[in-house]
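Taking it in order: structure first as structure tokens, then the write-up.
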Amino acid sequence: MKRTKAMLLDADYLREERSIIRLFFKTPEGKLILKDPSFEPYFYVTVNIPPEEAAKKLAEREFNGVKIKRIEIVKKKLTPKDEPASTLKLFFNSTKELKDSREEIRAQEFVTHKREYDIPFAKRYLIDRDLEPLSMYEIKYDEEKLELKEIKKIDEKPFELKMAAIDIETYSRGRFADPKRDPIIMVSYVDDEEKIVICTKEIKEKYAVKVSDEKELIDYLVKKIKEKDPDIIITYNGDSFDLPYLKERAKQLGTKFDIGLDGSEPKSVKKGLDKATRIKGRLHVDAYQVLRMLSKFGVINLVKMDLESVSSILLDEEKEKILAEEINDIWDSNKGLERLADYNLKDSEVAYRIVQEYLPLFIELGKLVHYTLFDVSRGSSSQLVEALLMLESFKKDILVPNKPSEEDVKARLMQSYQGGFVYEPLPGLHENIAVLDFTSLHPTIIISHNISPDTVNCEHKECKEKNSSPAKHWFCTKRKGFLPAVVEKLFKERVALKRKLKELKKGTHEYNLLYARQHSLKIILNSFYGTLGYARFRWYSRECASAVTAWSREYVQMVAREAEKAGFTTIYGDTDSAFIKIPPNKTQDDVKKFVERINSILPGVMNLELEGFYKRGIFVTKKTGEQAAKKRYALIDYNDNLKIVGFEYVRRDWAPIAKETQRKVIEAVLKEGKPEKAIEIVKQKIKELREGKTKKEELIIYSQIKKPIEEYESVGPHVAAAKKAIKRGKVIEEGSVVGYIITKCGKTISDKAQLEEYVNEGNYDAEYYIKNQLIPAVIKIIREFGYDEEDLIEGGKQSSLSAFS
DNA sequence: TAATTCGCTAGACCGA
DNA sequence: TCGGTCTAGCGAA
């Protein structure tokens, strides 16, 4: 028996006759793989006959050829409001046997429910054993059998994680690279100590390593990984490209890409439309997936997700792009191999740095929901919330609700509910504005009104009277709900962390750690409300979701009303905010007092916050009509910082020339109060466009291809441009963002649209960019100052007249 | 295997 | 050719 300190890296299970949990550890003596045969697959059933009798009946026979290995009678709550009741816990040799027999077991007459029959085995283990990946443990294990005997969490600083990034280049003429035929010509490997590029050709760079052929190239990489033994392998799109490619090439060449800690090759598993590729014992983090996830959570905002844009925006480092065809040319001509190698190396470096940047966040998120880094870096909001609620359910001996059937999902999708309230703005220029908003509105409503699937419409008359939402559902006030209990715990933890952060020095190790922790809490907290209305969610409850928004509407409207009563003018508000104008006879202090007064009447942990004061702000009318446009406005604070919301300036599907000009116009108007200056700026830009002087990069419009290209009913410019590019042989996958330019050639806008890469400098439709981009972007703003379209176009009328004559 | 609703706008599409 | 309607995308919260 041996004892050691160990950090838990990864968990999976062996799919043999018996399913056996396997844990991957990092210890002071190196890596360690241990089995835990003491844990068996199981699920629960409730029965309507005496449990002993049911157990006996179930033990007697086989179900779809499977004999239940063992049955325990345990006390579990069917739902949070139930009392614990005898429940059968059925154990199996393997997950396969569990799956094979669960339907037939459920079909028994005396079985009333089956529960928790579809929880992935390794995840199940981490829940039941209360294990957090990447935390430190003291373990006791059998050295000979390599079996885990004891594991205890210890409060120690985790070991440093060794990371390595890899990236490949392939040679493929005229088609998307096919690993069955097209070779890998270069591979880069980057870790904290070295950076190399492995290639079969001579490259005159210090970091280059020459190998004799492609097989050796793969073998060299494998050897390097085994020798450096990284805990984390980083790629950019390695889930669907690099890793499966390397594996297939290895197969073609009669070697193995066996970089798993247990000597296995990477394995791809389906994940929605694409796949995730897993390396056993080494945590594969795909930086592309990381960025996608962070975009969804609103942590980052990227227009395009190719490594060049990412590098420039996130790392502030420009990086050259080499197109696929050019790679082929370089390879054939042997000219520019150094450039290609540099490009290859940079790809790995950028991926490495992205992951390095966000690793603390993902580690904390993983610890919070007991997911491995592999899973947490690919998880969705609903998965993370579910994982957390499963943990809580286990701790409280509550059975987890089942996933809904497809019919249920369909029925749920049919029913929508009303969302947040958006105040119709007072259009025009306003001065002296205060913005108030609710801190974590949805989570605090859930907590304060005890909103939970298990508290809705309880039997108490009193609750109905005291705690009914404007949407007419009420929530129990006598027993704390399952969901609010969890949300409150996380919320309070975050408040405490934020308080502590204020005392710490920014940039220190402790600060970064706590910051990542509070950030992970924020992400989860913000996900609860949305998941309540998500049709596939185990804890779905439209009543709860609609109660949250109903109360949100009530509170936000209450603030707007009270502000008016207090002598302010409410000019706008959206979901959780109120924009109020401070009249000359009132001060900023009055606003603060107002906020305090509101807080004194708000229930529970709900809190209205003063977001800030603004010198000026502009709200505009909609494109047509007199009505004010919601969700678009611009503010400037007393330090002259601009805040532009909703306008074309923040949208990727507008050309930079329009966006930049709009920003300048807003700035001129808000900062200096000079609409004349704004007019001049626009005129200047129009002139530039007319003269053909505008640079290509200022004209690119980005848009996403959101579905298979042939499924479009209505072919917009971006789809038309993509179709033309596909004809030329370019591969455009579903989900990719394309950049296009409206050129001079063609009749309709779609005809004129071409992918940016095929357009020469100067080839653009000036009139389009003036009439459909520049003017729409600025007209609504300058109209607020009494100017019109004609003030922008010098001789505009004439030019349009001459077009007819 | 996918968190929600609200809102604005462009440009294709279609019938008169 | 015109104008209304619909598809599509993106952003706010």
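Bear in mind the structure is a predicted one, so any value in this text is a computation, not a measurement.
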Any side-chain N or O of [X] less than 4.0 Å from the OP1 or OP2 oxygen of [N]?
| X | N | result |
| --- | --- | --- |
| Ser380(A) | dA2(B) | yes |
| Asn772(A) | dG11(B) | yes |
| Thr575(A) | dA12(C) | no |
| Lys707(A) | dA8(C) | yes |
| Lys630(A) | dG11(C) | no |
| Gln418(A) | dC6(B) | no |
| Thr531(A) | dA3(B) | no |

Which nucleotide wins on minimum distance to the side chain of [X], given the candidates [options]?
| X | options | result |
| --- | --- | --- |
| Arg632(A) | dT9(B), dG9(C), dA12(C) | dT9(B) |
| Val645(A) | dG7(B), dA3(B), dA13(C) | dA13(C) |
| Ser714(A) | dT9(B), dA3(B), dA8(C) | dA8(C) |
| Asp574(A) | dT9(B), dT1(B), dA12(C) | dA12(C) |

Using a heavy-atom cut-off of under 4.0 Å over every strand shown, decide if [X] touches base, sugar-phosphate, or nothing.
| X | result |
| --- | --- |
| Arg652(A) | sugar-phosphate |
| Tyr712(A) | sugar-phosphate |
| Tyr633(A) | sugar-phosphate |
| Ser416(A) | sugar-phosphate |
| Tyr768(A) | sugar-phosphate |
| Lys631(A) | base |
| His442(A) | nothing |
| Ser527(A) | nothing |
| Tyr417(A) | sugar-phosphate |
| Trp654(A) | sugar-phosphate |
| Ser750(A) | sugar-phosphate |
| Gly419(A) | sugar-phosphate |

In this structure, how many angstroms lie between the [atom2] atom of [N] and the [atom1] atom of [X], rounded?
| X | N | atom1 | atom2 | answer |
| --- | --- | --- | --- | --- |
| Glu648(A) | dC10(C) | CD | P | 14 Å |
| Gln627(A) | dT9(B) | CD | C1' | 14 Å |
| Arg651(A) | dA8(C) | CZ | C1' | 11 Å |
| Arg412(A) | dT4(B) | CZ | C1' | 15 Å |
| Glu424(A) | dC8(B) | CD | P | 8 Å |
| Asp751(A) | dA12(B) | CG | C1' | 11 Å |
| Lys296(A) | dT4(B) | NZ | P | 10 Å |
| Glu609(A) | dA13(C) | CD | P | 14 Å |

**Report entry** Gap between atom CD of Glu756(A) and atom CD1 of Ile741(A) - 0.5 Å precision
**Finding:**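 With rounding to 0.5 Å, CD1 (Ile741(A)) is 6.0 Å from CD (Glu756(A)).
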Does the distance from a Lys or Arg side-chain N to an Asp or Glu carboxylate O, for [X] and [Y], drop under 4.0 Å?
| X | Y | answer |
| --- | --- | --- |
| Glu116(A) | Arg124(A) | yes |
| Glu406(A) | Lys410(A) | no |
| Asp653(A) | Lys659(A) | no |

Query raised in the report: Is the cationic atom of Arg278(A) (NZ for Lys, CZ for Arg) positioned less than 6.0 Å from the six-membered ring centroid of Phe374(A) and within 45 degrees of its normal?
Result: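 Relative to the ring axis of Phe374(A), which defines the angle, Arg278(A) lies inside both limits.
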Query raised in the report: P atom, dA13(C) versus dA2(B): distance in rounded Å?
Result: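 So the two P atoms sit 27 Å from each other.
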Query - Polar contact flag, side-chain donor to acceptor under 3.5 angstrom, Gln518(A)-Lys498(A) - result: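 No, no side-chain donor-acceptor pair sits under 3.5 Å.
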Requested in this report: For Asn450(A) and Phe475(A), indicate whether the former's side chain and the latter's backbone hold a donor-acceptor pair under 3.5 Å.
Outcome: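 No, the answer is negative, given that no donor and acceptor are paired below the 3.5 Å cut-off.
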